[in-house]
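Encoded as structure tokens, the structure appears first; notes follow it.
Quick note on labels: first sequence line is chain A, next is B, and so on, each numbered from 1.
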Amino acid sequence: MTNEPVTVPSNFIVEAVEEDLKSGRFDHVQTRFPPEPNGYLHIGHAKALCIDFGIAETFGGVCNLRFDDTNPVKEETEYVDAIKEDIQWLGFKWGQELYASDYFDQLYDFAIELIKKGKAYVDDLTADQIREYRGTLTEPGKDSPWRNRSVEENLALFEKMRSGEFAEGACVLRARIDMGSSNINMRDPTMYRIIKTPHHRTGSKWCIYPMYDFAHGQSDSGEGVTHSLCDLAYEDHRPLYNWFLDELGLFKTRQIEFARLNVTYTIMSKRFLRQLVTDKFVSGWDDPRMPTLGAMRRRGYPAQAVRNFIDQVGVAKNENLIDVGLLEFNVRDLLNKSARRVLAVLNPVKVVITNYPEGQVEQLEAINNPEDPSAGTRTLPFSREIYIEQDDFREVPPPKYFRLTPGREVRLRYGYIIKCQDVVKDPVTGEVTEIHCTYDPETRGGYAPDGRKVQGTIHWVSASHAVNAEVRMYDRLFTVENPKKVDEDKTYLDYVNPDSLKVLSDCKLEPSLLNVTMGEQFQFERKGFFCADQDSKPGKPVFNLTVTLRDSWAKIENK
RNA sequence: UGGGGCAUGGUGCAAUGGCAGCACACCAGACUUUGGAUCUGUCUAUCUUGGUUCGAAUCCAGGUGCCCCAGCCA
């Protein structure tokens with residue numbers, strides 16, 4: 001069954017939630033997925049998605065979608081729409097669609113509450129000064145000279161911040177905690193800063209915006225989130241998260257952190273992905289080589305394969321670097337069961353069957369999917385001139401080579417057994433331009449009535465019936481497993497794979513592929529899985545390589 | 001030299017004081033009209049030192065290594 005759900009294995013988060021239910025800390029479970037709409041979702045987000053939605057589902061709860069839109073400089077509605085599309089593609093259904101900006105009024109009131117409690121103050125220090133006063137990892141910070149302003153003065157100043165009387169950077173609102181804390185996040189963190197860029201949802205209503213730390217916990221709490229699941233990076237922020245909830249006397253959400261996903265030969269950093277796009281290393285966020293969900297969709301990865309992959313990766317707190325081969329395994333595993341088989345020659349060389357009658361065409365029956373008998377059969381035209389793969393002929397065969405070579409027989413899949421008699425070469429380059437073969441008329445369909453063994457079976461396409469197509473072959477985006485870890489004098493850009501895209505523009509496909517619909521998936525026999533790209537035009541399809549088939553010949557040959 | 005977190009085969013995840021298991025990868029073989037798929041088999045691991053215990057991957061103590069934190073980003 002293609003869409004049989006994989007049972008989600010237990011993990012430390014599931015256990016913690018079970019414990020919370022058993023102890024009575026919570027009597028139900030609610031989660032949220034909180035992306036910032038400043039870019040596209042990638043495979044790393046798929047892990048967070050599976051955890052956030054998975055925990056909710058496991059315990060009969062709801063997972064909300066909440067956009068963390070507290071910084072108008074970076075955020076756009078375009079990203080909101082794309083994120084929703086990607087989540088839906090993966091098959092997740094959120095409860096409410098919410099925004100941190102929904103809470104701006106309430107957050108403002110919370111800030112005033114803290115000012116009145118003497119727990120927040122307006123600081124006139126510049127950004128540079130704040131950094132200086134913050135101290136270092138090993139030295140404590142020191143108090144700002146503005147730290148002890150009166151409540152009245154702070155209230156008045158904060159109101160002026162809100163009403164736009166100050167320029168960006170003139171001052172900020174800070175929580176009054178402990179400049180000597182060993183946790184830097186507790187050294188009077190910024191709660192509000194002045195930003196005069198319009199917000200994608202609230203426009204120019206506000207010119208002060210809450211920081212992540214002042215918005216996230218209260219947003220979670222306000223919507224009744226019991227378990228706020230996030231990246232390990234926020235572990236150091238948990239004391240602050242709890243501090244705000246405690247000081248404000250709000251419902252106490254529990255934050256639990258897990259290790260983010262890393263995958264070999266790619267990067268997850270939004271900043272770096274954006275650079276690959278702007279510097280034209282790729283054609284866009286949905287370039288099939290990118291680790292974004294949009295790219296995977298375009299490349300033909302089934303959503304279920306992505307989810308199965310995430311389930312197999314597991315959830316823990318160890319830093320990890322997952323072999324991209326595991327993702328590819330899941331893609332093949334699903335596509336193998338569902339994709340229709342077709343014959344397609346990617347790098348064609350012409351074969352003339354010299355003893356086959358000129359002008360004759362036969363229709364040969366071919367199986368659509370050996371893994372799925374209900375997929376039925378189709379018909380393939382066969383004629384005197386065909387194309388085969390350049391790789392399937394060697395004038396001088398290496399050891400263990402089963403394919404076509406002078407004097408040897410090979411089977412044409414669903415066709416005839418042919419024997420190579422002669423080759424025609426380009427007199428200048430010496431390149432083989434045409435291969436002359438004879439066929440055995442007794443072997444129609446590929447069966448030898450005398451029972452003789454033929455080691456190789458190769459795919460082919462009748463020359464006069466072939467559909468011309470463009471096929472885009474993709475390889476890993478980077479040449480090293482972990483582009484984040486590079487030599488001192490280099491950057492990840494030095495490891496971009498220059499051969500990650502090869503466009504084959506003279507491919508020959510069987511006639512059934514003349515009209516395909518975008519996204520339709522096929523197995524090109526012996527080559528890999530491919531899907532029709534959005535760039536396809538009537539009569540001139542374009543295909544993306546989704547993933548190659550396993551290639552044990554390549555292994556033998558490279559030994 | 002502050003604080004937080006993490007160490008199990010090549011890569012991940014389990015084992016919750018009692019035979020270190022699963023997946024992927026690898027290797028070998030069977031089968032095969034896809035050198036695909038399928039099937040079978042094999043190899044490889046508890047960071048280190050000490051302690052507690054009949055028994056430790058698990059508990060305790062020390063050591064080592066790696067990751068994160070000094071945004072008016074999230």
Please check the phosphate of B:rG71 (OP1 and OP2 only) for any side-chain N or O of A:R131 closer than 4.0 Å.
yes

Which sits closer to the 5' end of RNA chain B, A:R526 or A:L321, going by the nucleotide each is nearest to?
A:L321

Which sits closer to the 5' end of RNA chain B, A:E75 or A:K317, going by the nucleotide each is nearest to?
A:K317

Treat a base pair as Watson-Crick or G-U wobble with both distances under 3.5 Å, then lay out RNA chain B in dot-bracket form, 5' to 3', with | for cross-strand pairs.
.((((((..((((....[..))))..((((.......)))).....(((((..]....))))))))))).....

[N] versus [M] - spacing of their [atom1] atoms, nearest Å:
| N | M | atom1 | value |
| --- | --- | --- | --- |
| B:rC39 | B:rA14 | C1' | 26 Å |
| B:rG65 | B:rC26 | C1' | 27 Å |
| B:rG3 | B:rG10 | P | 34 Å |
| B:rU38 | B:rA25 | P | 10 Å |
| B:rU1 | B:rU42 | P | 49 Å |
| B:rG50 | B:rC13 | P | 29 Å |

Once you apply a heavy-atom cut-off of 4.0 Å, does [X] come out as touching a base, just sugar-phosphate, or nothing?
| X | result |
| --- | --- |
| A:E371 | base |
| A:I417 | nothing |
| A:Y209 | nothing |
| A:K485 | sugar-phosphate |
| A:Y192 | nothing |
| A:V172 | base |
| A:L549 | base |
| A:E525 | base |
| A:T190 | sugar-phosphate |
| A:R134 | sugar-phosphate |
| A:H237 | base |
| A:P370 | base |
| A:F67 | nothing |
| A:R238 | nothing |

Can you name the residues that form a side-chain hydrogen bond (donor to acceptor under 3.5 Å, both in side chains) with A:N154, not counting sequence neighbours?
none

Contact list (N/O, under 3.5 angstrom) for nucleotides 14-18 of chain B vs protein:
unit_1 : atom_1 : unit_2 : atom_2 : d
B:rA14 : OP1    : A:V315 : O      : 3.4
B:rU16 : N3     : A:E15  : OE1    : 3.4
B:rU16 : O4     : A:E15  : OE1    : 3.0
B:rU16 : O4     : A:E15  : OE2    : 2.0

If stacking means aromatic ring centre less than 5.5 angstrom from the base's six-membered ring centre, planes under 30°, is A:W553 stacked on B:rG35?
yes

Relative to each other, are the rings of A:Y241 and A:H216 parallel, tilted or perpendicular (30° and 60° limits)?
tilted

Neighbours of RNA chain B within residues 173-182 of chain A, by heavy-atom distance under 4.0 Å:
A:S182

Rounded to the nearest angstrom, tell me the gap between atom [atom1] in [X] and atom [atom2] in [N].
| X | N | atom1 | atom2 | result |
| --- | --- | --- | --- | --- |
| A:I130 | B:rC72 | CD1 | P | 6 Å |
| A:E328 | B:rU11 | CD | P | 18 Å |
| A:Y133 | B:rG71 | OH | P | 16 Å |
| A:Y212 | B:rA74 | OH | P | 10 Å |
| A:M268 | B:rC67 | CE | P | 18 Å |
| A:L334 | B:rG36 | CG | C1' | 16 Å |
| A:R411 | B:rG35 | CZ | P | 10 Å |
| A:Q523 | B:rG35 | CD | P | 10 Å |

Using the ring centroid of each side chain, check whether A:Y108 and A:F158 are separated by less than 6.0 Å.
yes

Output field: ring centroids A:Y234/A:F258 closer than 6.0 Å
no

State whether a side-chain donor-acceptor pair under 3.5 Å links [X] with [Y].
| X | Y | value |
| --- | --- | --- |
| A:N308 | A:Q304 | yes |
| A:D188 | A:Y133 | no |
| A:Q275 | A:Y492 | yes |
| A:E139 | A:T136 | yes |
| A:S374 | A:D372 | yes |
| A:R378 | A:N368 | yes |
| A:Y439 | A:E409 | no |
| A:S101 | A:D69 | yes |
| A:E223 | A:Y103 | yes |
| A:N185 | A:N183 | yes |

If you only use heavy atoms from C-beta on, which nucleotide in [options] is closest to the side chain of [X]?
| X | options | answer |
| --- | --- | --- |
| A:N71 | B:rG35, B:rA74, B:rU1 | B:rA74 |
| A:L137 | B:rG4, B:rG12, B:rA70 | B:rA70 |
| A:L232 | B:rG5, B:rC72, B:rA70 | B:rG5 |

I want to verify the glycosidic state of B:rG71; is it syn or anti under the 90° rule?
syn

Answer yes or no: side-chain N or O of A:D236 and base N or O of B:rG3 forming a donor-acceptor pair under 3.5 Å.
yes

Per the atom types in the model, does the base of B:rG35 pair as donor or acceptor with the side chain of A:E557 at under 3.5 Å?
no

Using the ring of A:Y99 (Phe, Tyr or Trp, six-membered ring only), decide whether A:R201 places NZ or CZ under 6.0 Å from its centre and within 45 degrees of its axis.
yes

Nearest heavy-atom contact between A:S338 and A:N369 is C-ND2, 3.9 Å

With side chains defined as the heavy atoms from C-beta onward, is the minimum distance between A:E168 and A:K196 less than 4.5 Å?
yes

Kindly state each residue pair satisfying ring pair (Phe, Tyr, Trp, His ring centres under 6.0 Å) with at least one member in residues 306-330 of chain A, sequence neighbours excluded.
none

Under 3.5 Å, which protein N or O atoms sit close to an N or O of nucleotides 22-26 of chain B? Give each pair with its distance.
unit_1 : atom_1 : unit_2 : atom_2 : d
B:rC26 : OP1    : A:K555 : NZ     : 2.8

